[in-house]
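All of these numbers come straight from a predicted model, not from anything done at the bench. Letters A, B, ... mirror the listed sequences (proteins, then strands); counts begin at 1.
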Protein chains: 2
Amino acid sequence: MAPRKNTDGLARDAIVDRALALADAEGIDAVTIRRLGQEFGVTAMALYWHVKNKEDLLDAMGDDLWAGLTVPPADPQRPWHESLRLVVAQLVDALRRHPGSLSLAYRRVLVSPAGLDVTEYALGLLVGAGFDLRQAADLATSALQTAIMLVSSEPGAELGVPEEDHAAHLERKRAGLLQLPAERYPNVRGAAEFMLNCADPDGYYESGVALYVEGARAMLQLATV
Amino acid sequence: MAPRKNTDGLARDAIVDRALALADAEGIDAVTIRRLGQEFGVTAMALYWHVKNKEDLLDAMGDDLWAGLTVPPADPQRPWHESLRLVVAQLVDALRRHPGSLSLAYRRVLVSPAGLDVTEYALGLLVGAGFDLRQAADLATSALQTAIMLVSSEPGAELGVPEEDHAAHLERKRAGLLQLPAERYPNVRGAAEFMLNCADPDGYYESGVALYVEGARAMLQLATV
DNA sequence: ACCTGAACACCGTTCAAGT
DNA sequence: ACCTGAACACCGTTCAAGT
């Protein structure tokens, strides 16, 4: 509810947008009140007119992240696990758009309007499938965390490391793995390339989401038997 | 490999221990070179003799976290999914001991000796079960991330929020949820208590781990059919 | 309504200097 | 070998003052 009438000067939305872009480009630590002021050609203190403090800015960034999510329309024809798969996939897509701000997503789920909408949708889905409310709550939380974890641990992502050091950082890790004794770490050595580099991101996300959904289906079997 | 001969003065291990304790008590942001010096009754610069820089300190904290993990001895009698369940449960236990340093765990898995050992063990398990190396790599990563996510999103945990503000913070969130319109958010309102407070942590972790393991079993079915 | 200057209490880090 | 003092370039934030 901060004022944002000034159209040619600073604007809250513009600040939040820039902060998100900055986080994606250089990591969340690069998002600094002073740095943002610099980017807008203005003193750091100017930002405090549009933003209560840094925490308020980070919250707003988290809310914007959630706002990018479109909940698929409910369709009673679709099996529940298929709908569940769709929401989690949507979630993944929304998060992939702002990898630098992933850490802000979790604490705003139950606060931001868009976050509440997805949560309500997911809970409804799970309760409709036969879970009780506590199980549904746990599973909905897991759905969100699954999406966050998939994006933040996409092989080769190395979030937080500035773009430029990226290649060198990976190379160092690769070198470390390849000099491990082959007798003791045969599997780590064999799987090294898969853990360091994601050749097929879409496939990676697809099977990550499937792992969750199939787990949920199995849990329903166990719960209702 | 930093020197640590001085037994009565500072010591690298003592610094890392203190840093971990500090992170658990007041959050990772409270871990500061200057603050640590203060705790040891020494100037901030003194720490630089025992620690290369802050990144080095954080890495060491991450390694200590992994060192707390004991890999269960391989037992060919046990079904693979049971062994998998045990490792992930061990992982969860290790992480729960240092909730403040969770964020450091991921980047040290493939570097710290203990992290490499678990990874090798998990990969061996999965390959033995019938997954190919790429699937095993993805699943092992997911196992780790599942453990991290379960701990970091234990309802009511509110990591990063200082101990004292904890209750107030939760109360504020609860109030926010309960004033939502009941027609539009029936499930969120109904599940609010479950999402804000973990009445049964052991049950929570058990079913969280089960969700992952059952997912993995289902994936094996899909892969080998 | 919107922005600046000066100031304060914090960071991490370097480097010469002490013992 | 181990620690300190002084200094530098950064933070977030407040508050009086400008337009």
Side-chain angles (χ1 to χ4, degrees), chain A residues 1-20 22-23 25-62 100-101 103-104 107 160-162 164-165, chain B residues 1-20 22-23 25-62 100-101 103-104 107 160-162 164-165:
Chain A
M1 305 305 167
R4 42 181 168 125
K5 297 210 182 136
N6 187 3
T7 46
D8 44 12
L10 283 186
R12 188 177 221 258
D13 292 356
I15 295 174
V16 177
D17 276 6
R18 194 74 155 236
L20 281 170
L22 190 51
E26 305 183 27
I28 191 75
D29 286 346
V31 176
T32 263
I33 300 280
R34 294 181 117 104
R35 167 73 182 272
L36 280 172
Q38 213 171 299
E39 301 244 327
F40 283 103
V42 107
T43 67
M45 299 78 79
L47 294 200
Y48 283 92
W49 184 261
H50 306 277
V51 137
K52 195 161 160 270
N53 50 30
K54 188 162 184 187
E55 198 193 345
D56 182 36
L57 171 63
L58 295 177
D59 285 348
M61 290 169 69
S101 303
S103 55
L104 308 173
R107 66 175 185 198
V161 179
E164 40 184 291
D165 312 337
Chain B
M1 304 306 169
R4 42 182 169 128
K5 297 213 182 134
N6 185 6
T7 47
D8 45 12
L10 283 186
R12 188 177 220 259
D13 293 356
I15 295 174
V16 177
D17 276 6
R18 194 72 154 240
L20 280 169
L22 190 53
E26 305 184 25
I28 191 74
D29 286 345
V31 176
T32 263
I33 300 279
R34 294 180 117 104
R35 168 74 181 271
L36 280 172
Q38 214 172 299
E39 302 243 329
F40 283 104
V42 106
T43 66
M45 297 78 78
L47 294 201
Y48 282 91
W49 184 261
H50 305 277
V51 137
K52 193 159 161 272
N53 49 31
K54 188 162 184 188
E55 199 193 346
D56 182 37
L57 170 64
L58 294 177
D59 285 348
M61 292 170 67
S101 304
S103 55
L104 307 174
R107 66 173 184 197
V161 179
E164 41 184 293
D165 311 338

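Side-chain atoms of A:Thr32 and A:Leu22, non-hydrogen and from C-beta on, never get closer than 4.5 Å to each other. For the pair B:Leu47/B:Leu57, no side-chain contact is recorded, criterion being any heavy-atom separation below 4.5 Å from C-beta on.
As rounded to whole Å, 14 Å separates atom C1' of C:dT13 from atom CG of B:Asp56. Between A:Arg35 atom CZ and D:dC10 atom C1' there is a gap of 13 Å when expressed in whole angstrom units. As a whole-Å value, the separation of B:Arg34 CZ from C:dT13 C1' is 9 Å. Atom CD in B:Glu55 sits about 19 Å away from atom P in C:dC11, given to the nearest Å. Taking atom CD of residue A:Gln38 and atom C1' of nucleotide D:dC11, one finds them 13 Å apart after rounding to whole Å. Here the C1' atom of nucleotide D:dT4 and the CD1 atom of B:Ile33 are 16 Å apart, to the nearest Å. In this structure, B:Leu36 places its CG atom 10 Å from P of C:dC11, rounding to the nearest Å. Computed from coordinates, the A:Asn53 CG to D:dC11 P distance equals 17 Å when rounded to whole Å.
Proximity of B:Thr43 to the phosphate of D:dG5: no side-chain N or O atom is located under 4.0 Å from OP1 or OP2. At the phosphate of C:dG12, OP1 or OP2 sits under 4.0 Å from a side-chain N or O atom of B:Thr32. Between A:His50 and C:dC3, a side-chain N or O to OP1/OP2 separation shorter than 4.0 Å is present.
Checked against D:dC3, D:dT13, C:dT14, the side chain of B:Tyr48 finds its nearest nucleotide in C:dT14. In the set D:dT4, C:dC11, D:dC11, D:dT4 carries the atom at the smallest distance from any side-chain atom of B:Met45.
Listed here is the closest heavy atom pair of A:Arg107 and A:Glu55: NH2-O, 4.3 Å.
Using N1 to N3 plus N6-O4 or O6-N4 for Watson-Crick, or N1-O2 and O6-N3 for G-U wobble, each under 3.5 Å, C:dC3 pairs with nothing. In this structure D:dA17 sits in no base pair that meets the Watson-Crick or G-U test at under 3.5 Å. In this entry D:dC8 has C:dG12 as its Watson-Crick or G-U wobble partner, both defining distances falling under 3.5 Å.
Atom CG of B:Leu36 sits about 6.5 Å away from atom CD of B:Glu39, to the nearest 0.5 Å.
A residue-by-residue look at B:Val42 and A:Lys54 shows that B:Val42 has its nearest nucleotide of DNA chain D further toward the 5' end.
Although no hydrogens or angles enter the test, the distance criterion places a donor-acceptor pair under 3.5 Å between the side chain of A:Arg12 and the main chain of A:His50.
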